[in-house]
Amino acid sequence: QVQLQESGGDSVQAGGSLRLACAVSGATHSTQCMAWFRQAPTKEREGVATILTHFSFPNYAGSVKGRFTISQDNAKNTLYLQMNDLKPEDTAMYYCAADNGRNGGSCLDPRRYNYWGQGTQVTVSS
């Protein structure tokens with residue numbers, strides 16, 4: 001069982017930065033994709049950034065490209081999301097997720113993922 005523990009969410013002003021971290025434990029050897037998703041009130045969960053774990057190949061939603069960076073530190077078993085130039089529309093609960101390498105589909109599709117963190121709140125004020 002893979003366990004994901006998120007941290008780093010906070011309330012910041014527009015233009016500020018945050019770094020979210022997701023500590024990963026458990027049997028992750030089969031994981032192919034990891035991702036950060038977010039969900040704002042009344043909205044569906046959307047993929048923000050994904051990474052192919054074996055190759056550290058990232059992908060981003062258009063709304064965050066150029067502002068957010070996803071990365072992994074295998075030595076620390078941690079997934080990061082560096083968030084710069086934050087905007088009020090970035091306000092959401094942010095979740096990290098991991099698949100089991102067997103589901104297929106887009107890494108931006110939440111249905112691909114088997115394991116989820118509890119979420120960490122990011123609030124950006126104008």
Problem - Where Ala49 and Leu81 come nearest, the two heavy atoms and their spacing - result: CB-CD1, 4.0 Å

Handout entry: Spacing of Glu89 atom CD and Ser63 atom OG [to the nearest 0.5 Å]
Key = 8.5 Å

Completion exercise
Taken to the nearest 0.5 Å, the spacing of Leu79 CG from Asp73 CG works out to 10.5 Å

Exercise for the section: Could you list the residues that satisfy side-chain contact (heavy atoms from CB on, under 4.5 Å) with Ser30, not counting sequence neighbours? Expected result: none

Exercise for the section: Test Asn114 against every option in Asn103, Thr31, Val2 by the side-chain contact (heavy atoms from CB on, under 4.5 Å) rule and name the one that passes. Expected result: Asn103

Exercise for the section: Treat each ILVMFWY residue as a node, draw an edge where side-chain heavy atoms are under 4.5 Å apart, and state whether Val48 and Leu20 are in one component. Expected result: yes

Practice task
Taking atom CD of Gln5 as the centre, report whether more than 12 heavy atoms of other residues, nucleotides or ligands fall under 6.0 Å from it.
Solution key: no

Handout entry: Gap between atom NZ of Lys87 and atom CG of Asp90 - 0.5 Å precision
Key = 7.5 Å

Exercise for the section: Evaluate the side-chain proximity of Arg38 to Glu46: yes if any heavy-atom separation is below 4.5 Å, no if none is. Expected result: yes

Exercise for the section: I would like to know whether Met83 and Tyr94 meet side-chain contact (heavy atoms from CB on, under 4.5 Å); could you show each step before the answer? Expected result: CA-CA 11 Å; Met83 310 166 67; Tyr94 283 72; 3.5 Å; yes

Handout entry: Closest contact, heavy atoms only, Pro88 versus Ser126
Key = CG-CB, 3.9 Å

Fill in the blank from the handout: To the nearest 0.5 Å, atom CG of Asn100 lies from atom SG of Cys33 at 11.0 Å

Practice task
Consider only side-chain heavy atoms of I, L, V, M, F, W and Y, link residues closer than 4.5 Å, and tell whether Ile51 and Tyr115 are in one cluster.
Solution key: yes

Exercise for the section: For the residue pair Gln72 and Thr78, establish whether any side-chain heavy-atom pair is separated by less than 4.5 Å. Expected result: no

Handout entry: With Arg111 via salt bridge (Lys or Arg N to Asp or Glu O under 4.0 Å) - residues at least two apart
Key = Asp109

Exercise for the section: Would you please name every residue forming a side-chain contact (heavy atoms from CB on, under 4.5 Å) with Gln32, sequence neighbours left out? Expected result: Leu52, Asp99, Arg112

Completion exercise
Heavy atoms of Thr50 and Cys107 approach each other most closely as CG2-O, 3.1 Å

Practice task
Any chance you could pull the hydrophobic cluster mates of Tyr80, using side-chain heavy atoms under 4.5 angstrom and chaining through other members?
Solution key: none

Problem - Six-ring centre of Tyr95, Arg45 cation under 6.0 angstrom, axis tolerance 45° - result: yes

Practice task
Determine, using the 4.5 Å side-chain heavy-atom cutoff (strictly less than), whether Val12 and Phe68 are members of one ILVMFWY cluster.
Solution key: yes

Exercise for the section: Check whether any side-chain N or O of Asn74 sits under 3.5 Å from a backbone N or O of Asn77 as a donor-acceptor pair, and report yes or no. Expected result: no

Exercise for the section: For Lys65, check side-chain contact (heavy atoms from CB on, under 4.5 Å) against everything at least two apart and list the hits. Expected result: Tyr60

Exercise for the section: Working to the nearest 0.5 Å, report the span between CG of Asp85 and CZ of Arg67. Expected result: 6.0 Å

Exercise for the section: Please confirm whether the backbone N or O of Thr123 pairs with a side-chain atom of Thr91, one donor and one acceptor, at under 3.5 Å? Expected result: no

Exercise for the section: Kindly give the heavy-atom pair with the smallest separation between Cys22 and Leu4, and that separation in Å. Expected result: SG-CB, 3.7 Å

Handout entry: Gly9 versus Thr120, closest heavy-atom pair with distance
Key = N-OG1, 3.0 Å

Problem - N/O donor-acceptor pair under 3.5 Å between Ser106 side chain and Leu108 backbone - result: yes

Problem - Gln82 side chain to Arg19 backbone, donor-acceptor under 3.5 Å - result: no

Exercise for the section: May I have all residue pairs that pass ring pair (Phe, Tyr, Trp, His ring centres under 6.0 Å) and include part of residues 19-49, sequence neighbours excluded? Expected result: Phe37-Tyr113, Phe37-Trp116

Exercise for the section: Would you check if the side chain of Gln118 reaches a backbone N or O of Glu6 as a donor-acceptor pair within less than 3.5 Å? Expected result: yes

Problem - In one Ile/Leu/Val/Met/Phe/Trp/Tyr side-chain cluster, 4.5 Å: Leu18, Val124 - result: yes

